[in-house]
Amino acid sequence: MNRIGWAMAAGALLLSGCGRSGTPPISSGERYVSSTAEEAYQLGAGDKVRVTVFNEPQLSGEFAVGADGVLSLPLIGNVAATGKTPAEIAATVQQRLGDGYIREPRVAAEITTYRPFFVLGEVSSPGQFPYQANMTALNAIATAQGFTPRANRKTVLIRRFGEQVELEYVLTPELRVWPGDTIRLKERFF
């Protein structure tokens, strides 16, 4: 191969690195399902839960899920919380309180504060932000003061809490964000 052939091959190789890995962005699935009802949200580090033990105000209160994934509650100690729903937490607390502490306890649990989400890349004010129920990617971008002039407004990269891989999604008004997500907006090339 002569010099011109090598130059063309090198140029083609360089240009091939400018595009995506060949996988088209995701445009449907669970993140695009509109929901007005509270989902079966699974707790994780950074969430805060209000546990109410009826007729026992000294055992009730707001408790944070620690970095180790547990809630530290009075009388019964640590309760594993990561990956459980508030209803499962209530059932566990109720069962443990009923094992010799309180006769027929009634317990409720609800999320008071979700773990934050993060926005990076081509937004005016990247950072960590408080999550609100039923948040969309466009809401999250607005919370970060909107797009920069160079932002790609067609797709967004999202890494779900606890996962290592970012997935590329088509940016639509229905695209949902979940607590703990990391959202990254790429730069557009032209």
Side-chain angles (χ1 to χ4, degrees), residues 7-49 62-71 81-86 110-190:
M8 289 177 65
L13 187 60
L14 286 173
L15 287 176
S16 69
C18 291
R20 289 189 326 269
S21 63
T23 306
I26 299 168
S27 60
S28 64
E30 63 183 344
R31 284 199 184 261
Y32 290 95
V33 176
S34 178
S35 172
T36 55
E38 184 69 22
E39 302 168 30
Y41 176 72
Q42 294 183 346
L43 297 169
D47 289 324
K48 290 186 181 172
V49 180
E62 188 173 299
F63 305 95
V65 179
D68 56 355
V70 300
L71 289 169
T82 298
K84 294 186 178 178
T85 66
E110 64 181 327
I111 300 166
T112 57
T113 306
Y114 292 95
R115 60 187 169 264
F117 68 94
F118 306 86
V119 183
L120 309 170
E122 294 298 321
V123 290
S124 296
S125 181
Q128 171 182 312
F129 302 96
Y131 179 83
Q132 303 209 354
N134 297 317
M135 182 169 267
T136 67
L138 289 174
N139 297 139
I141 293 165
T143 302
Q145 304 298 309
F147 299 102
T148 65
R150 294 182 309 217
N152 177 346
R153 297 173 187 230
K154 295 180 181 179
T155 63
V156 63
L157 297 166
I158 300 177
R159 184 177 55 84
R160 192 170 188 171
F161 178 76
E163 294 183 3
Q164 300 299 317
V165 178
E166 286 182 324
L167 297 176
E168 188 172 19
Y169 293 89
V170 174
L171 187 56
T172 69
E174 295 82 27
L175 179 59
R176 298 197 45 222
V177 172
W178 295 320
D181 279 354
T182 299
I183 302 154
R184 184 166 64 91
L185 274 84
K186 297 189 302 185
E187 181 179 310
R188 64 182 163 89
F189 292 105
F190 299 101

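Nothing here was measured: the structure is a model prediction, and the numbers come from that model.
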From CA spacing to verdict: side chain to side chain contact (heavy atoms under 4.5 Å, CB included), Asn134, Arg176: CA-CA 7 Å; Asn134 297 317; Arg176 298 197 45 222; 3.4 Å; yes

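- Looking at Lys48 and Phe63, their side chains never come closer than 4.5 Å, going by heavy atoms from C-beta outward.
- Under 3.5 Å, the side chains of Asp181 and Tyr131 contain no donor-acceptor pair of N or O atoms.
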Candidate pair Phe147 and Val123, rule side chain to side chain contact (heavy atoms under 4.5 Å, CB included), full reasoning: CA-CA 5 Å; Phe147 299 102; Val123 290; 5.6 Å; no

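- Screening residues 153-172 for ring-ring contact (aromatic ring centres under 6.0 Å, His included), with sequence neighbours left out, gives no hits.
- Here the rule is salt bridge (Lys or Arg N to Asp or Glu O under 4.0 Å) with Lys186, and of Glu122, Glu166, Glu168 only Glu168 fits it.
- Residues Glu110 and Pro86 form no side-chain contact, since every pair of their non-hydrogen atoms from C-beta on lies 4.5 Å or further apart.
- Applying the side chain to side chain donor-acceptor pair (under 3.5 Å) test to Ser124 and every residue at least two apart in sequence or in another chain returns nothing.
- Counting all heavy atoms, side chain and backbone alike, Ala67 lies closest to Ala45 at CA-CB, 4.0 Å.
- No side-chain heavy atom of Thr182 sits less than 4.5 Å from a side-chain heavy atom of Leu157.
- Side-chain contact between Leu43 and Thr85 is absent, with no heavy-atom pair separated by less than 4.5 Å.
- For the pair Ile183 and Phe118, the minimum side-chain heavy-atom distance is 4.5 Å or more.
- Pro179 is listed as a side-chain neighbour of Tyr41, based on a closest heavy-atom distance under 4.5 Å.
- You'll find the side chain of Leu175 reaches within 4.5 Å of the side chain of Ile158, heavy atoms only.
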Show me the donor-acceptor pairs, under 3.5 Å and distance only, between side chains in residues 136-143 and residues at least two apart or in other chains.
unit_1: Thr136; atom_1: OG1; unit_2: Asn139; atom_2: N; d: 3.1
unit_1: Thr136; atom_1: OG1; unit_2: Asn139; atom_2: OD1; d: 2.8
unit_1: Asn139; atom_1: OD1; unit_2: Thr136; atom_2: N; d: 3.1
unit_1: Thr143; atom_1: OG1; unit_2: Asn139; atom_2: O; d: 2.8

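- In this structure, Glu163 and Val165 have side chains that are not in contact, with every pair of non-hydrogen atoms separated by 4.5 Å or more.
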